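Read the structure below first, then the notes.
Being a predicted model, the structure only gives us computed values, none of them experimental. In this chain, numbering begins with 1 at the start of the sequence shown.
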Amino acid sequence: MALGDLMASRFSQSSVVVYSQLDDCASSHDDGDLSSQRRESETASSGYGNATATSMAYLPQTVVLCELRHYAFEACVPTGPSDSGLVSKWRPKDRMKTGCVALVLCLNISVDPPDVIKISPCARMECWIDPFSMAPQKALETIGKTLSQQYERWQPRARYKVQLDPTVEEVKKLCNTCRKYAKSERVLFHYNGHGVPKPTANGEIWLFNKSYTQYIPLPISDLDSWLKTPSIYVFDCSAAGMIVNSFIELYDLGGSSSSGSARDCILLAACEPHETLPQSAEFPADVFCTRSLLHESLDYSLIDKIPGRQNDRKTLLGELNWIFTAVTDTIAWNVLPHGSFYVFPIYWSAVLLSNVFELDVHLYALVVAHPCNSQFCVADLFQRLFRQDLLVASLFRNFLLAERIMRSANCSPISYPQLPPTHQHHMWDAWDMAAEICLSQLPSLVEDPNAEFQPSPFFTEQLTAFEVWLDHGSELKKPPEQLPIVLQVLLSQCHRSRALVLLGRFLDMGSWAVDLALSVGIFPYVLKLLQTMTPELRQILVFIWTKILALDKSCQVDLVKDGGHTYFIRFLDSMEAYPEQRAMAAFVLAVIVDGHRRGQEACIEASLIHVCLKHLQGPTLNDTQTEPLFLQWLCLCLGKLWEDFTEAQIFGLQADAPTICASLLSEPQPEVRASAVFALGTLLDVGSGNGVGGEEEYDDDEKIRAEISIVRSLLNVASDGSPLVRAEVAVALGRFAFGHNKHLKSIAAAYWKPQSNSLLNSLPSLAHMKGSVVSSQIGPLLRGTNDNYGRVSTSSPLASSGIMHGSPLSDDSSHHSDSGILNDGVSNGVVNHSTPEPLDNAIYSQCVLAMCTLAKDPSPRIASLGRRVLAIIGIEQVVAKPMKSTGNSVRPGESITATPIPSFSGLARSSSWFDMNGGHMPFRTPPVSPPRPNYLAGMRRVYSLELRPHIMSPDSGLADPLLGSAGTSGASERSFLPQSTIYNWSCGHFSKPLLIVADDSSSMELMYLPCSWSAVSKLNNQIASWDTKFETGTKTILLNPFSPIVVAADEKERIRVWNYQEQKEATLLNSFDNHDFPDKGIAKLCLVNELDDSLLLAASSDGHIRIWKDYTLKGKQKLVTAFSSILGHKPGVRSLNAVVDWQQQSGYLYASGELPSIMLWDLDKEQLINSIPSSSDCSISALSASQVHGGHFAAGFVDGSVRLYDVRTPEMLVCSTQPHTQKVERVVGIGFQPGLDPGKIVSASQAGDIQFLDIRNDRDAYLTIEAHRGSLTALAVHRHAPIIASGSAKQLIKVFSLEGEQLGTIRYYPSFMAQKIGPVSCLAFHPYEAMRMDRLQMQSCCCRSLGASGPLCDITFLCPDSSSMSTGGS
C-alpha cells in the first residue's frame, strides 16, 4: 500500500457553516433555495427600497494568518527533535550480554535426597532424557550435554562450562573462571538440585564431598562473592524461594562484596520457600527449566514428531516457536511497566485505582517491601528483562510459560525482580488456539514429509485486532496490546507490508505512540529493513523513520553507522514518490546531518548536495516538485548539511547553490522563503581563529563573488512580509557580521563621524543603485520625521541623491558623536581573528542599513535579533530621551518641545561587544504589553533607531542584560550569534498527525449575512456613551460585526476594547499597547477573518502592520504577525502618514502614503506581490477597498483627485477623475457605495463637499452634497445600508441617503460649564447589524478639551428614534 494513498491534503477544506449572528434579523429568512435568496439579495442591494430586509450572499471568505507559523511566534522558541531526556528512555543505556554460562547439576542419579519422599511413579525426565534408561554416569553426562545445547540455541557465542555432581571447590573454581572470562558481562549460574536436600533456612545450597558420602552446604554469600555482578541465577530445586529470600537479605544488609548492586542481579526460582517441585509423572522433573518449554503445553507423544527447526518460521516447529515468542512478549509488555509508562497518566491512574490488587500491586508491593529492589527502574523493567539480553529474554519467556504450567500443579515460580501473575492472561487462550491449529496438521505432515505446512492465522487475526484499535483508540485509552506482535510480524515477508502500514498509522497518532513503539523494541527491526530493496516498502519506511526522528534525534548515529542515509538519498532522488513523501526523506537526511559531522561527511560522499540542488532547479515534465514542503526541506537539508562545515560550503559554492537557493526567495510560501534564507545564511563563512577556512581549496575571488551574491539576495528579502523570513535574514546577517566584523564596524562608524569624509567615500554608490533596492531597504530605515532633526547639508552628494533624508548626518545629531555609539575598530572581543577580504563598501553600507531596519522591526522578536546583530558590529546603545510635559494643554498638530535629561541622554561606548554583563547591554526585547512609561509624545531619533530608554533600576542600578556574561574564548564567541529557528520550527510539522482522512462531506456553501434597515428619518437616540480616557484623543475606531464590542486607539497607539451591550457605561475588556515606540498613532483598525475567529489588524501611521489575536481577552492578546507595509518614500518627504485598507475577499492589504505607489500585500502569502504606480505626483490621503469585488480599490489624493484601480487588469488604473474642483483640498474619506455596483464611489474632501461618482457613465460626479464648509474631518459609508455620515471640525455629524437627502444631524451642544466639545475625529458604521425596532447603529468619536486636566475622549453610539432631532447649520 502506498503511503500516498493514506495521506490527505494538508490544505484547509472549503466547508463553511454560517449561523446567523443576529437573532432579530434571522427571522426574516425562510428556507428557500439558494437561487431565490441570491435574487432577493441582489434586488435589495441595488434597489434600496424604503423598507428593506435582505441577506448579503458571499462565497466562503479567504481565511488568512491561521497557519502553524502564526501561533505564538513571538512567545516561544521552537525545539527540534530531542536527543536526551524522556524520549531516549527506550534506548538501553547499558547494553549487556551473557558472556559465560555455568551449569551445575547435582542429580546423584539412583540416590534420592533424604528430605524428599518420592511417589511412584514420579517425575523422572531431565532434559527429556530418562536417567534410568542408561548407566548413571552416562545419563549424567548426556543430561549435562543436552542442557548445554539447549542454552546454546539462545546464546551460541557464550562460553559454557558444566559441572556434574561437583564439590564446593569445583564450584568455586568454576565461578571464578566464569567471572574472569566474562569480565564485565553477565554470568549465568544454573543450579539443578534434584539429587540433594532442599536449601537450608539460611539459604544454603547443597553440594557433595569428593567421595559423595556427604552433602556439603554452600552459603549464598560465598556464591555471590565468587560470581559478583552482573549475574543471573536459575535455581531448580524444591523450596528454591529460600535462596531468593537469602539473596534479598544479603543485599538489604549490604553484605555483597561485589562492586555492583542488586540491580545487576536477576534470580529465577522454581517455587516458593514452602513448596516442593511437582512429582506427577505427567511432568518432567525439570519442568521449570527445560529449555524446550515449548513442548510443555503439548502431548508428550507428539513431542518428537513435530517437524522443522525452531529458527525456521516456515516449518511447524518454527511457527509454534514464533507464536510463542509473540505471545509471551505481548503478555510481558502488557503487565510489566516499560519506558513509556509515563505517557498514559490518565489511563494508568485509573488502572492503579481500580485494579491495584490484580496486576500492578505485586510489583509495587515488592518495591516497597524491599528497598534494594527499587534499584530496578520500574519504568524500564520490560526493556531490562526482554530487550537487553537475548539469553535473559528467552529465560523470562519460558519463565512465563513455566508459571502457567506449574501453577496447575500448585507450584508458584518466583523471580527477582518479582513479576505480576501472568498465568491467567487472556493471550494464553490465543496461544492454545494457535497451537491447536498448528498441531492439527501434524498427522498429515508426519504421514507425508513433502506436504506443505499451512501457516497459522494467528498473526493475521492479531493485525486485524490492532487495526480495530487504530480506528477507535487514542492516547487516553489503554495502549494496544498487539504492539509486540506487530514487531514480530515484521520478520515475516508475507505480513510485513501490512504490518508496516499499520505501524505507520500508529506512529502518526503522536509522540507518545512513537515512544511506545521504540520502547517495545521496534528500532532494530526498522533499521534492518533499510537494507531491503523492496519498492513497495520504501514509502512507508520513510514515513516511519520520519516519525521516529521527529521525536528522537539520537538515531542519526545508528543510521550513519549502518549506511541507512543512502536509502533516503536514493528515495529523495526517485521520481516515483510523491513530493510530500520525498519531503520526509529530506527531513530524515536533515536530522542525520544536524550537528553530526560524521553524518555530514557521509552525505557529502553520497552526493546529497548534487541531489538536492538538482531538484531545486525547477520541475521536470514528469515530476511535480513545486510542493512547498518538498522545497522547504530541500533547503533545510542543504543548510544543515553545510552548516559550520567548510568543506560542504565549498562544494555548495562550486555547485552554484547561492543562485539556485536565491530563486526560491520569491516563492509564495513564507516557509519556503525562510528555508531558502537559512540555506543561504549557513553558506556564509563566519570565520575562525585561523582566518577563512578553505581559502587554499577555493579561490578567494570566487568566494567574494559568492558572498556578494548571497548578501544581495538576503537584502532583497530584508523587508519580507513574514516575520519567519525576516528572522532568518537577521540570523544570516549576524553570521555575515561576525565574519566581516571590522569592515562593517568601519562603515557603521562613518555614520557618527561626519567630520571625516569616510562616509562620503564609502556610500557614493548608493545614489546609483537601482530604485527598488533603495526604496525597499534604505527608505524605511532613513525615513524622516516631522521634527526639526535630520537636516542634511546641501553640499553632501547624498542630499542631492534623495536618499539620505533624515539621516544621522544632520547638524542636530552631529554633536552627539563625541560620546560615540560604536566600539573602536580594534577590539578585544570576538573580531580579533583574521577576516576575509573586504567586499564592496556599498554592500557593507546596505548591510548596516538592513541591520538597523531589523533592529526597528515591528516584531519584538526580530527587533531583538536585529539589536544583537548590531551589537556584533559595535553599535552598543542608543538611549532615547524622555520628553517632559510643559504642563499646558497641547492641541493636535502642535509640536512639543522636549527637555533632555542629561543622566539618560547621549550614546554609550564600550570596549567590546562582549562586555554586556552587569547591565552594559541595553538591547532588550520589549514585552508585548508592558507598563507604559509616563512620557509624552516624541522620542529622540539617533540613526533612526527607536530603541527603548535604558533606565537603570533605582534599587540595583543595573539593567537586565540580553546576552549575559561571556568569556573571550573562541568557542563562546560563536554561541552569541543569533540562532536560527526555522529548522526546529519546521520539525514540528512531522511530529503532528499527517495521515488525516479527508472529510467527504466537505462542500462549498454560500454564506448569507442578514442585514436589515429602514428609511432613516431621525437620528437622536443615544445607545451608549463613555469616556475612553485617552490622553491624546481617539485616532481610529472599529465595531465588531457580531459582538457588542468596540475597539479604539489613540495617537500613542494604546488600543482599548469595550463591551457596550445593555450598559450606559461600557465595560473595558482589554487595554494594551500596539508597540513601545509610538510615532503618530494608529491610522487604521481592521478585522481580519471577521466571519471566523477574527484578528485585529492595527496599522500604525508609520506603515507598520501588527495583527493581534485574542485581543478581547485581558492581558492575553498575542501578536500573530507584524511587518512594514510601506517600503521607501518620496524624495524630500520628512514625514509619513500611511493609509491602509484591508480586503477580506481577496486577502489583499493595500498600503500607501508619502510614496508614488500603492503597496499590494497578500496576507496569505505574507508577501508584497505588487507595487502599483499611483499615477500622480501627489500623495494618497484616503484609501478604500471594495468588500464585494475582490481586487477593486479606490484612492483619494491630497490634490482632490480620485482614482479607481483593479489589480486584476494589466493596466490596474481603471479611472481617474478630479471631482473636488471648487476648492482643491485633500480627500478626507472615500468609500464604495453599498451594493454590487463596483463603479459607484463616495468621496469627501476637507473643503466640505461630498461627491457621488459613477465611473461607468461619467467621470464627473452625478451628485454633490455641500455637507460642511471647509471643515469636513471624517466620512463613513455603510457597507450595506444606503446611508453615509460625515463629521465636522465644528462638532457636527450629518447623515445622508445615497440620493443626497439629509436624514439627520447630530450636534453636540456645549457641555457643563460651557466646555466646548472638539471636532469629530473618526466615524464608523456597524457593518451588518441593524438595531432592533428598525434602528441603525452608528458610532462616533469626538475629542474635547477640559481645561488643564488634559484631553479627553468620548465614544457615543446613536440610532434612529421617533423623537425630535437637532438640525443645525453647517
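Atom CD of Glu1225 is separated from atom OG of Ser1181 by 10.5 Å, given to the nearest 0.5 angstrom. Atom CD1 of Ile1284 and atom CD of Gln1233 lie 8.0 Å apart (nearest 0.5 Å). Between atom CD1 of residue Ile1230 and atom CD1 of residue Ile1250 there is a gap of 12.5 Å, rounded to the nearest 0.5 Å. Interatomic distance, Ser1146 OG to Asp1162 CG, rounded to the nearest 0.5 Å: 8.0 Å. Note that CG of Leu1097 and CG of Leu1087 are 9.0 Å apart. Values are rounded to the nearest 0.5 Å. Rounding to the nearest 0.5 Å places SG of Cys66 at 7.5 Å from CG of Asp1092.
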- Evaluation steps, side chain to side chain contact (heavy atoms under 4.5 Å, CB included), between Val1202 and Leu1253: CA-CA 10 Å; Val1202 173; Leu1253 308 173; 4.2 Å; yes
- Item | Leu1292 vs Ile1306, side chain to side chain contact (heavy atoms under 4.5 Å, CB included): CA-CA, chis, key distance, verdict | CA-CA 6 Å; Leu1292 194 65; Ile1306 302 109; over 6 Å; no
- Message: Run Tyr1060 and Ser1025 through side chain to side chain contact (heavy atoms under 4.5 Å, CB included) and show every step you take.
- Response: CA-CA 9 Å; Tyr1060 59 84; Ser1025 178; over 6 Å; no
- Message: Determine whether Ile1283 and Val1277 satisfy the following criterion, side chain to side chain contact (heavy atoms under 4.5 Å, CB included), listing intermediate values before the conclusion.
- Response: CA-CA 7 Å; Ile1283 56 172; Val1277 181; over 6 Å; no
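Not one N or O on the side chain of His1075 forms a donor-acceptor pair closer than 3.5 Å with the backbone of Pro860. Not one N or O on the side chain of Gln1291 forms a donor-acceptor pair closer than 3.5 Å with the backbone of Val1320. Side-chain atoms of Ser1152 never come within 3.5 Å of backbone atoms of Ile1180 as a donor-acceptor pair (strictly under, hydrogens ignored). Put simply, the side chain of Ser1124 gets close to the backbone of Ile1126: a donor and an acceptor are under 3.5 Å apart. Checked by atom type and distance alone, the side chain of Tyr1148 never pairs as donor or acceptor with a backbone atom of Val1207 at under 3.5 Å. Side chain of Ser1094 to main chain of Asn1089: no donor-acceptor pair is present (N/O by atom type, distance under 3.5 Å, no hydrogens or angles). Within the 3.5 Å criterion, the main-chain N or O of Gln1143 finds no donor-acceptor partner in the side chain of Gln1187. In terms of modelled atom types and a separation under 3.5 Å, the side chain of Asp1164 and the main chain of Val63 share no donor-acceptor contact. A donor-acceptor distance shorter than 3.5 angstrom exists from the side chain of Ser1186 to the backbone of Val1188, with no hydrogens or angles considered. Counting only distance, with no hydrogens or angles, the side chain of Arg1056 and the backbone of Leu1068 share no donor-acceptor pair below 3.5 Å.
Glu1090 and Arg1279 are joined by a salt bridge, as a carboxylate oxygen and a charged side-chain nitrogen come within less than 4.0 angstrom of each other. Between Asp1073 and Arg1054, at least one side-chain N (NZ, or NE/NH1/NH2) sits under 4.0 Å from a carboxylate O, which counts as a salt bridge. At a threshold of 4.0 Å, the pair Asp1050-Lys1052 does not count as salt-bridged, since none of the basic side-chain nitrogens sits closer than that to a carboxylate oxygen. Here Asp1110 does not pair with Lys1116 in a salt bridge; the nearest charged N to carboxylate O distance is not below 4.0 Å. Taking the charged nitrogens against the carboxylate oxygens, Asp1141 and Lys1084 do have a contact shorter than 4.0 Å, which makes a salt bridge. Here Arg69 pairs with Glu1166 in a salt bridge; the nearest charged N to carboxylate O distance falls below 4.0 Å.
Across Phe1325 and Ala1276, no two heavy atoms sit closer than the pair CE1-O, 3.3 Å. Of all non-hydrogen atoms in Leu1160 and Leu1168, the two that sit nearest each other are O-CD1, 3.4 Å. Taking every heavy atom of both residues into account, Ile1082 and Ala1099 meet most closely at CG2-O, 3.3 Å. Of all heavy-atom pairs spanning Ala1182 and Val1227, the tightest one is CB-O, 3.8 Å. Residue Leu1323 comes nearest to Gly1287 through the heavy atom pair CD1-N, 3.4 Å, listed as atom of the first residue, atom of the second, then distance.
A donor-acceptor pair shorter than 3.5 Å cannot be found between the side chains of His70 and Thr1121. Looking only at atom types and distance, the side chain of Ser1125 has no donor-acceptor partner in the side chain of His1104 under 3.5 Å away. Side-chain polar atoms of Thr1264 and Gln1251 form a donor-acceptor pair below 3.5 angstrom. Between Ser1288 and Ser1271, the side chains place a donor N or O and an acceptor N or O closer than 3.5 Å (distance only, hydrogens not considered). One side chain, Ser1100 or Glu1053, offers a donor N or O that lies under 3.5 Å from an acceptor on the other. With hydrogens and angles left out, the side-chain atoms of Arg1226 and Ser1245 include no donor and acceptor closer than 3.5 Å. Using modelled atom types and a 3.5 Å distance limit, the side chains of Trp1108 and Asn1074 yield a donor-acceptor pair.
Put simply, the side chain of Val1047 reaches to within 4.5 Å of the side chain of Ile1055, judged on heavy atoms. Counting heavy atoms from C-beta outward, Pro1327 and Pro1041 have side chains that approach closer than 4.5 Å. The shortest side-chain heavy-atom distance between Phe1232 and Val1242 does not fall under the 4.5 Å cut-off. Contact annotation: the side chain of Ser859 never approaches that of Phe1123 to less than 4.5 Å [non-hydrogen atoms, C-beta and beyond]. For the pair Arg1208/His1192, a side-chain contact is recorded, criterion being any heavy-atom separation below 4.5 Å from C-beta on. You'll find the side chain of Ile1045 reaches within 4.5 Å of the side chain of Val1057, heavy atoms only. The closest side-chain heavy-atom distance from Val1088 to Val64 is below 4.5 Å. The side-chain heavy atoms of Tyr1111 and Leu1069, taken from C-beta on, include no pair separated by under 4.5 Å.
Screening Trp1142, Phe1193, Trp1161 against Tyr1150 for a ring-ring contact (aromatic ring centres under 6.0 Å, His included) leaves a single residue, Phe1193.
Taking the centre and axis of the six-membered ring of Phe1197, the NZ or CZ atom of Arg1203 falls inside the cone set by 45° and 6.0 Å.
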